[in-house]
Amino acid sequence: MAVANNDLEKVIIQSVMEELAKKGLLSQKGKDHMMSAAMMDMPFVPNPQSEEMVTFPPQEEMQIDNPFNADAVRAMKKLTPARIGIGRAGTRPKTMSLLRFLADHAVAQDAVFLDVSDEFLQRMNLMAVQSSAGSKDEFLQRPELGRRLSEEAARKIAEKCEKNVQVQILIVDGLSSSAIEANIPDLLPALMQGLKSSGIKVGAPFFIKNGRVWVQDHVASIVNCDVVISLIGERPGLGTAESLSAYMIYRPDENTVEADRTVISNIHKGGIPPAEAGAHLTDVIKQILSAKASGVKLNQQK
């Protein structure tokens, strides 16, 4: 490993230890232990294209020293993204395991706090409006604000969106901007093509910033559509921050409850592939239109 990468590793470890110390989770003795472990165990694989960039080894790589049954551990690691077979240093995780955990946690935080980029919205030709939550902090602290459109958004939708369509598609950031940018480029074209080829009239999709699931009810009341579907970022986890859900409902009103919504979740490259999800959602929407019901009411008709 190059000297530059050794130095970079020490900087990363130091920053991790400082973060843990701020949270009261690391003593001076713990710092000394981690630095000692870092000197003996080289957890990073350098990127040959750059002396500054480093990458983690593959998740499926065996990290247990002298395992009793290596084949069993490998078999389990193929079945789940859970953190198994990662080894330990005494009673503590190895440096690589700890840094990977903190890195995944940082990715999850970024998914929540970062906004969907303007460049992405322009590339996907999506009109953008906002919920009543004026900031990310307000969105997180006051969920009810994310369930209603701002007054400006309601006016914009009333002026620019087609009314009385069969299906209105919403792209909602929810709790993961990463899920939107990772999945919509493949999912949305597949869904639009499937609906239009089935002769279903679809309104132009648009984006809602700082939105939650129930914001679809407000939109439906403005455009008077039969079905509204929200493609919304799921709460990120340490396994992935790119999971998307699709919430569909038939003609919501003031009496609508959660049981009235049909949900398809776990849409991402490690779950339901986005293009495949687009085709599946087309079939579900056709069922909803035919039954004139969604959620539990739809299931009761099957």
Side-chain angles (χ1 to χ4, degrees), residues 107-108 110-131 133 136 139 146 149 153 156-157 160-162 165-198 200-216 218-220 223 225 227-237 239-249 261-286 288:
V107 170
D110 285 347
V112 174
F113 286 100
L114 295 180
D115 292 328
V116 175
S117 69
D118 292 336
E119 183 276 332
F120 173 83
L121 297 176
Q122 292 172 5
R123 175 159 52 90
M124 296 300 300
N125 193 30
L126 294 172
M127 179 183 78
V129 296
Q130 186 163 320
S131 73
K136 190 65 70 174
F139 165 74
L149 297 165
K156 190 173 183 179
I157 292 170
K160 297 191 175 184
C161 292
E162 187 176 3
V165 295
Q166 289 176 280
V167 177
Q168 177 63 58
I169 301 173
L170 310 179
I171 316 299
V172 188
D173 53 3
L175 289 169
S176 178
S177 59
S178 301
I180 300 302
E181 298 201 17
N183 297 293
I184 294 303
D186 290 332
L187 195 163
L188 185 58
L191 177 58
M192 291 289 289
Q193 181 180 358
L195 293 174
K196 290 183 177 180
S197 64
S198 298
I200 296 172
K201 189 175 182 181
V202 186
F206 60 88
F207 173 73
I208 302 178
K209 181 179 179 180
N210 293 340
R212 293 186 181 268
V213 174
W214 288 9
V215 75
Q216 63 182 186
H218 194 177
V219 172
V223 301
C225 58
V227 176
V228 58
I229 172 172
S230 295
L231 305 175
I232 186 170
E234 294 179 3
R235 186 187 308 274
T240 180
E242 297 183 351
S243 190
L244 189 84
S245 288
Y247 285 80
M248 295 157 281
I249 187 166
R261 304 182 203 278
T262 296
V263 186
I264 304 296
S265 60
N266 202 36
I267 300 171
H268 61 96
K269 62 184 179 182
I272 305 174
E276 180 180 324
H280 178 57
L281 290 172
T282 298
D283 291 338
V284 175
I285 290 173
K286 289 165 66 175
I288 292 173

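A distance of 6.5 Å separates CG of L188 from CG of L126, quoted to the nearest 0.5 Å. Here OG of S178 is found 7.0 Å from CG of L114. Values are rounded to the nearest 0.5 Å. Distance OG/S197 to CE/M192: 11.0 Å, rounded to 0.5 Å.
Shown here are the side chain to side chain donor-acceptor pair (under 3.5 Å) partners of R123, two or more places apart in sequence or in another chain: E119. Listed by chain and number, the residues in a side-chain contact (heavy atoms from CB on, under 4.5 Å) with A128 are L121, F207 (sequence neighbours excluded). T262 pairs by the side chain to side chain donor-acceptor pair (under 3.5 Å) definition with nothing, not counting sequence neighbours. Partners of E162 according to the side-chain contact (heavy atoms from CB on, under 4.5 Å) rule, which considers only residues two or more places apart in sequence or in another chain, are V165, K201. In this structure S245 satisfies the side chain to side chain donor-acceptor pair (under 3.5 Å) test together with E234, sequence neighbours excluded. With sequence neighbours left out, the side chain to side chain donor-acceptor pair (under 3.5 Å) criterion links S230 to Q216. Legend: residues meeting side-chain contact (heavy atoms from CB on, under 4.5 Å) with T240, ordered by chain and number and at least two apart, are E242, S243, H268. For E276, there are no salt bridge (Lys or Arg N to Asp or Glu O under 4.0 Å) partners, not counting sequence neighbours. Looking at residues two or more places apart in sequence or on another chain, you find a side-chain contact (heavy atoms from CB on, under 4.5 Å) between A241 and V107, A111, P236. Judged as a salt bridge (Lys or Arg N to Asp or Glu O under 4.0 Å), and not counting sequence neighbours, K156 has no contacts. Scored by the salt bridge (Lys or Arg N to Asp or Glu O under 4.0 Å) test, D283 finds no partners at all (sequence neighbours excluded).
Annotation for F206 and L170: closest pair CZ-CD2, 3.3 Å, computed over non-hydrogen atoms. Heavy-atom minimum distance, P273 versus G271: CD-O, 3.3 Å. Residues V202 and L195 share a closest heavy-atom pair of CG2-CB, 3.7 Å. When all heavy atoms are compared, the tightest approach of S265 to I272 is O-CD1, 3.6 Å. Closest approach of A133 to N210, counting heavy atoms only: O-ND2, 3.2 Å. Minimum heavy-atom separation, I184 to F120: CB-CZ, 3.9 Å.
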| request: Under the side chain to side chain contact (heavy atoms under 4.5 Å, CB included) rule, what do V219 and I208 come out as? Steps first, then yes or no, please. | output: CA-CA 10 Å; V219 172; I208 302 178; 3.9 Å; yes

| field | side chain to side chain contact (heavy atoms under 4.5 Å, CB included) between S131 and H218, intermediate numbers included | value | CA-CA 10 Å; S131 73; H218 194 177; over 6 Å; no

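Judged by a 6.0 Å distance limit and a 45° cone about the ring axis, R212 is not positioned over the six-membered ring of Y247.
The shortest distance between side-chain heavy atoms of V213 and V263 does not fall below 4.5 Å. No side-chain heavy atom of P205 sits under 4.5 Å from any side-chain heavy atom of M124. Side-chain atoms of F139 and L175, non-hydrogen and from C-beta on, do get closer than 4.5 Å to each other. Using a 4.5 Å heavy-atom cutoff, the side chains of M248 and L281 are in contact. Proximity of I200 to V227: side-chain heavy atoms (C-beta onward) are nowhere separated by under 4.5 Å.
Screening L187, I232, V172 against L244 for a side-chain contact (heavy atoms from CB on, under 4.5 Å) leaves a single residue, L187. With I229 as the partner, the side-chain contact (heavy atoms from CB on, under 4.5 Å) test is satisfied by one option alone out of I171, I264, L191: L191.
Sorted by first and then second residue, the salt bridge (Lys or Arg N to Asp or Glu O under 4.0 Å) pairs with a member in residues 165-185 read K136-D173; sequence neighbours excluded.
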